[in-house]
Amino acid sequence: MRFLRNEPLKKHTSFKIGGPADYFCVPKNIDELCQALIFAKERSLAITILGAGSNLLVLDKGFRGLVIKLAGMQNMIKFDGTVVEVGAGVRLPRLINALAKKGVGGLEFLVGIPGSVGGAVFMNAGAWGKDIGRYVLAINVIDFKGNQKVIKKNKLKFVYRGCKVANCIITSVLLRLSKKSKKAIHKKMVQYLAKRKSSQPLGVPNCGCVFRNPKGNFAGKLIEEAGGKGLRIGDAQVSLKHANFIVNLGEAKACDVIRLMTRIEKAVYTASKITLEPELKIMVKS
């Protein structure tokens with residue numbers, strides 16, 4: 001396994017924003033992940049974990065330490081009827097297509113989301129009133145000392161856009177889904193993808209929803225009502241299609257995004273007295 005120096009992290013996020021990592025690697029299995037952990041320990045390097053980078057803002061100064069990208073990690077999908085074990089690095093589109101071919105349904109609502117399975121579980125990814133957490137039976141993890149264990153669902157405590165898993169790395173996920181006709185699954189996938197295409201800025205660099213939906217309300221609606229749609233700082237712009245998305249028009253920097261987020265928060269609070277909370281994760285530079 002190669003350890004790259006000064007790897008530009010904007011190459012590894014859907015936002016296409018971010019400075020370099022001092023060290024960067026892509027382990028393909030548990031053994032290589034353990035090698036990476038040892039490498040960091042021997043050099044006293046800070047570690048951060050990167051999935052598909054679809055809900056992440058990397059700062060312009062990058063990351064001082066080792067970034068471990070799990071995109072190639074445990075890249076497997078194993079079926080036991082409607083119970084499915086999936087490697088953390090498997091991309092959601094690949095998983096959903098594999099499930100559809102087997103006539104196993106439940107996750108169609110995630111169609112069009114580009115993230116990895118590990119990241120989706122860690123963030124409890126969801127859409128249209130559903131989330132992945134309800135389908136998780138257990139996760140396999142490894143801690144930063146190289147110890148492996150299984151965490152059952154009753155210990156995971158899924159919350160809105162989160163899963164309370166600390167000080168460990170998800171390596172694979174066990175899901176309980178349901179048997180459905182391939183035709184019904186395909187129909188749902190087409191419906192959800194059409195909704196996503198009609199309402200979200202697909203095809204332009206972004207990080208998904210920027211703010212959490214406040215209870216009983218929608219962040220995009222609040223931002224639009226506060227006059228935020230179309231606001232721009234540098235090449236970071238509030239999407240004209242969905243106000244809870246910030247898009248990168250070409251050369252946006254993290255500082256542009258953060259300034260734009262601050263302006264949105266202030267505008268929404270002035271208009272509605274509601275404080276928006278970020279949904280995207282910001283990679284600290286260490």
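- Two residues are said to be in side-chain contact when any heavy atoms from C-beta on lie closer than 4.5 Å; Leu107 and Tyr135 meet this criterion.
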Item to complete: Show the numbers, then the answer: is there a side-chain hydrogen bond (donor to acceptor under 3.5 Å, both in side chains) between Thr171 and Asn140?
Response: CA-CA 6 Å; Thr171 56; Asn140 292 300; 5.4 Å; no
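- The neighbour count for Lys273 NZ, taken as heavy atoms of other residues, nucleotides or ligands under 6.0 Å away, is above 12.
- A heavy-atom distance below 4.5 Å is not found between the side chains of Gln148 and Val141.
- The minimum heavy-atom distance linking Lys179 with Thr82 is given by the pair N-CG2, 3.6 Å.
- Taking every heavy atom of both residues into account, Ser172 and Met76 meet most closely at CB-CE, 4.0 Å.
- When each of Leu66, Ile68, Ile170, Val67 is paired with Ile49, the side chain to side chain contact (heavy atoms under 4.5 Å, CB included) condition holds for Ile68 and for no other.
- Within a 6.0 Å sphere centred on CD of Gln191, other residues, nucleotides and ligands contribute more than 12 heavy atoms.
- Of all heavy-atom pairs spanning Val159 and Asn124, the tightest one is O-ND2, 2.8 Å.
- Put simply, the side chain of Asn213 reaches to within 4.5 Å of the side chain of Tyr160, judged on heavy atoms.
- Partners of Val83 under the side-chain contact (heavy atoms from CB on, under 4.5 Å) rule, at least two apart in sequence or in another chain, are Leu137, Leu174, Arg176.
- Taking the ring axis of Phe158 as reference, the NZ or CZ atom of Lys164 does not stay both within 45° of it and closer than 6.0 Å to the ring centre.
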Item to complete: Take Ile47 and Lys41, measure what side chain to side chain contact (heavy atoms under 4.5 Å, CB included) needs, and give me the verdict at the end.
Response: CA-CA 9 Å; Ile47 296 172; Lys41 183 178 180 180; over 6 Å; no
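- No donor-acceptor distance shorter than 3.5 angstrom exists from the side chain of Arg161 to the backbone of Glu279, with no hydrogens or angles considered.
- The local environment of CZ in Phe122 is sparse, with at most 12 non-hydrogen atoms from other residues, nucleotides or ligands closer than 6.0 Å.
- Atom CD1 of Ile142 and atom CD1 of Ile169 lie 6.5 Å apart (nearest 0.5 Å).
- Shortest non-hydrogen contact noted between Ile132 and Phe109 is N-CZ, 3.9 Å.
- Legend: residues meeting side-chain contact (heavy atoms from CB on, under 4.5 Å) with Leu231, ordered by chain and number and at least two apart, are Val238, Leu260, Arg263.
- The list of side chain to side chain donor-acceptor pair (under 3.5 Å) pairs with a residue in residues 86-97, not counting sequence neighbours, reads Asn75-Arg94.
- Taking the side-chain contact (heavy atoms from CB on, under 4.5 Å) definition, one finds that Ser272 meets it with Leu222, Val268, Ile274, sequence neighbours left out.
- Note that CZ of Phe144 is 9.0 Å distant from CG of Leu33, once rounded to the nearest 0.5 Å.
- The 12-atom threshold is not exceeded at OH of Tyr269, counting heavy atoms of other residues, nucleotides or ligands nearer than 6.0 Å.
- Applying the salt bridge (Lys or Arg N to Asp or Glu O under 4.0 Å) test to every pair with at least one member in residues 106-116, sequence neighbours left out, gives these pairs: Glu108-Lys180.
- Residues in residues 237-250 take part in no salt bridge (Lys or Arg N to Asp or Glu O under 4.0 Å) pair, two or more places apart or across chains.
- Using a 4.5 Å heavy-atom cutoff, the side chains of Met1 and Gln35 are in contact.
- In this structure, the side chains of Asp22 and Leu45 stay at 4.5 Å or more apart for every pair of heavy atoms.
- Residues Lys153 and Ile139 fail the side-chain proximity criterion, which asks for heavy atoms closer than 4.5 Å.
- Asp60 places a side-chain N or O within 3.5 Å of a backbone atom of Ala254 that can act as its donor or acceptor partner.
- Grouping Ile, Leu, Val, Met, Phe, Trp and Tyr by side-chain contacts under 4.5 Å, direct or through others, puts Leu249 with Val204, Val247.
- No side-chain heavy atom of Phe211 sits under 4.5 Å from any side-chain heavy atom of Glu277.
- Residue Asn147 qualifies as enclosed at atom CG: its count of foreign heavy atoms under 6.0 Å is above 12.
- Rounding to the nearest 0.5 Å places CD1 of Ile258 at 4.5 Å from CD1 of Ile282.
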Worksheet item: Can you list the steps and then say if Lys101 with Lys182 is a side chain to side chain contact (heavy atoms under 4.5 Å, CB included)?
Response: CA-CA 7 Å; Lys101 288 177 182 178; Lys182 295 179 183 179; 5.7 Å; no
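- With sequence neighbours excluded, the residues satisfying side-chain contact (heavy atoms from CB on, under 4.5 Å) with Pro278 are Met261, Glu265, Leu280.
- Remark: side-chain polar atoms of Asp256 are not paired, donor with acceptor, to backbone N or O of Gly234 under 3.5 angstrom.
- Smallest separation of non-hydrogen atoms from Val150 and Ala138: CG1-CB, 4.0 Å.
- Applying the salt bridge (Lys or Arg N to Asp or Glu O under 4.0 Å) test to every pair with at least one member in residues 6-20, sequence neighbours left out, gives these pairs: Glu7-Lys11.
- Note that CD1 of Ile223 and CG of Leu276 are 5.5 Å apart. Values are rounded to the nearest 0.5 Å.
- A distance of 14.0 Å separates SG of Cys34 from NZ of Lys145, quoted to the nearest 0.5 Å.
- Enclosure of atom CZ in Arg5 by more than 12 non-hydrogen atoms of other residues, nucleotides or ligands within 6.0 angstrom is indicated.
- Interatomic distance, NZ of Lys155 versus SG of Cys163, reported as 13.5 Å (0.5 Å rounding).
- Remark: Phe15 pairs with no residue by the ring pair (Phe, Tyr, Trp, His ring centres under 6.0 Å) rule, at least two apart or across chains.
- Among pairs with a residue in residues 205-233, those fulfilling salt bridge (Lys or Arg N to Asp or Glu O under 4.0 Å) read Lys221-Glu225, Glu224-Lys229, Arg232-Asp235, at least two apart in sequence or across chains.
- For Tyr23, the ring pair (Phe, Tyr, Trp, His ring centres under 6.0 Å) partners at least two apart in sequence or on another chain are Phe39.
- Between Val84 and Ile77, some side-chain heavy-atom pair lies under the 4.5 Å cut-off.
- The heavy-atom pair separating Ile185 from Leu99 by the smallest distance is CD1-O, 4.5 Å.
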